[in-house]
Amino acid sequence: MPPATPPPKDRLRLALQKSGRLSVDSLDLLNRCGIKVKAPKEKLLLHAENFPVDLLFVRDDDIPQLVMDGVCDLGIVGENVLEETALDRAADGETNPYVVERRLDFGGCRLALAVPEERPFTTLADLAGLRIATSYPRLTKRFFQEKGLKADVVTLTGSVEIAPRLGLADAICDLVATGSTLEANRLRAVETIFKSKATLIRCDRDLDPVKRHALDLLLRRIDGVQLAAEAKYIMLHAPKAALPEIKRLLPGAENPTLLPLAGDDTKVALHAVCQEAVFWETMESLKRAGASSILVLPIEKMML
Ligand code: PRP
Ligand code: ZN
């Protein structure tokens, strides 16, 4: 755990996972927000060159605590870790002074109960009284309590997936993203107890005006990046007569721009921003409706 020195008054301090599921995507998000850092991960603390933010690289499990205690202004962390920490602090009689600024569109995973492949399972009651290994004891216990079942929770900080093989537990409760860790360890998920994504959290204290301004700027950029992630710019040629049908087919597009086509009175060029993904199926439907020369372009940034 890094020393609990408060962040400077004029620069935001943002806690990020040093290595793990969220680290690459977190840095990628900052990168797409135009925030440049040199040689990430070599150091514990990095100063962005062109934005008043310093990045602190730590274990994800420490991030909620660092933010709630005010050691960092901001943190990017999975809701799973956040909720587990919040339950833990509440059990110790502590408050949870944080605000979720944005839910981010990466880091999707679920906390799931899993049993060895050969163990029969029909209902949750089959797990009652069994030893369940997890790094999320609070969430696991809460789930069993809500179901009115008894659980013998064994807390491990890592390598939970090998606990059944070592004879330390009968089942596990662990994060599943692609499912390959479970598969490699001959385990199968039987119940999801919590769904999670990455979030940007902020310490619930007043920020200095300079930092508040920087945060507003950062949030606007994050919104711009997230908005643009699915959005596409679409250009096509359309017979005037087919315009109503073609407009109806465009996913999440408002007010397309229509331009005359030189030398052809019966057709126009249509340009539109589609807020949703444009699939091959959509393009085929557009073509059937009479559209031609269909181009779909990615949008890098967006500000509404
Ligand atoms: C989680 C979990 C598994 C893995 C599952 O670890 O503990 O090991 O991800 O992913 P998969 O279904 O794609 O195989 P995480 O990266 O969150 O690291 P940590 O638990 O050590 O923080
Ligand atoms: Zn972790």
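Treat the numbers as computed from the prediction; the structure is a model and nothing was measured. Order of appearance sets the numbers: ligands from 1, and atoms from 1 within every ligand.
Atom 14 (O) of ligand 1 is approached by the protein to below 4.0 angstrom, counting heavy atoms only. Protein heavy atoms all stay at least 4.0 Å away from atom 18 (O) of ligand 1. In this structure, atom 21 (O) of ligand 1 has no protein heavy-atom contact shorter than 4.0 Å.
Heavy-atom contacts of V176 reach the following atoms of ligand 1: 12 (O) (cutoff under 4.0 Å). Close approach of ligand 1 to D60 is summarised as follows: ligand atoms under 4.0 Å from at least one heavy atom of the residue are 22 (O).
With L200 as reference, L14 is the one residue of V100, L14, V99, V77 to meet the side-chain contact (heavy atoms from CB on, under 4.5 Å) rule. The only option from L56, L55, L12 that meets the side-chain contact (heavy atoms from CB on, under 4.5 Å) definition with L74 turns out to be L12. Considering K211, R13, R202 as possible partners of D73, the one that fulfils the side chain to side chain donor-acceptor pair (under 3.5 Å) test is K211.
A donor and an acceptor atom, one from each side chain of N185 and T181, are nowhere located under 3.5 Å apart.
Of the N or O atoms in R21, one or more lie within a sub-3.5 Å distance of an N or O in ligand 1. In terms of polar-atom proximity, defined here as any N/O pair under 3.5 Å, S180 does make such a contact with ligand 1. Annotation: G20 places no N or O atom under 3.5 Å from an N or O atom of ligand 1; distance criterion only.
Of the possible polar contacts, one joining the T178 side chain to the S180 backbone as a donor-acceptor pair under 3.5 Å is found. For the pair K150 (side chain) and L130 (backbone), a donor-acceptor distance under 3.5 Å is absent. Listed for the T199 side chain is no donor-acceptor partner under 3.5 Å among the backbone atoms of R102. E84 places a side-chain N or O within donor-acceptor distance of the main-chain N or O of R138, the cut-off being under 3.5 Å. Looking at D170, its side chain does come within 3.5 Å of a backbone N or O of R131 through a donor-acceptor pair.
In this structure the side chain of L236 never reaches within 4.5 angstrom of the side chain of S293, judged on heavy atoms.
The shortest heavy-atom contact between Y136 and T140 is O-OG1, 2.7 Å.
The number of protein N/O/S atoms found under 2.8 Å from the Zn ion (ligand 2) is 2.
Ligand 1 lies less than 4.0 angstrom from a heavy atom belonging to G179.
For atom 11 (P) of ligand 1, the closest heavy atom belonging to the protein is T178 OG1, 3.3 Å.
Contacts between V160 and ligand 1, counted as non-hydrogen atom pairs separated by less than 4.0 Å, are absent for every part of the residue.
Selection from L175, T157, D174 by nearest heavy atom to atom 7 (O) of ligand 1 gives D174. Across the listed options N185, L182, T181, I172, T181 owns the non-hydrogen atom lying nearest to atom 8 (O) of ligand 1.
Applying the side chain to side chain donor-acceptor pair (under 3.5 Å) test to R220 and every residue at least two apart in sequence or in another chain returns nothing.
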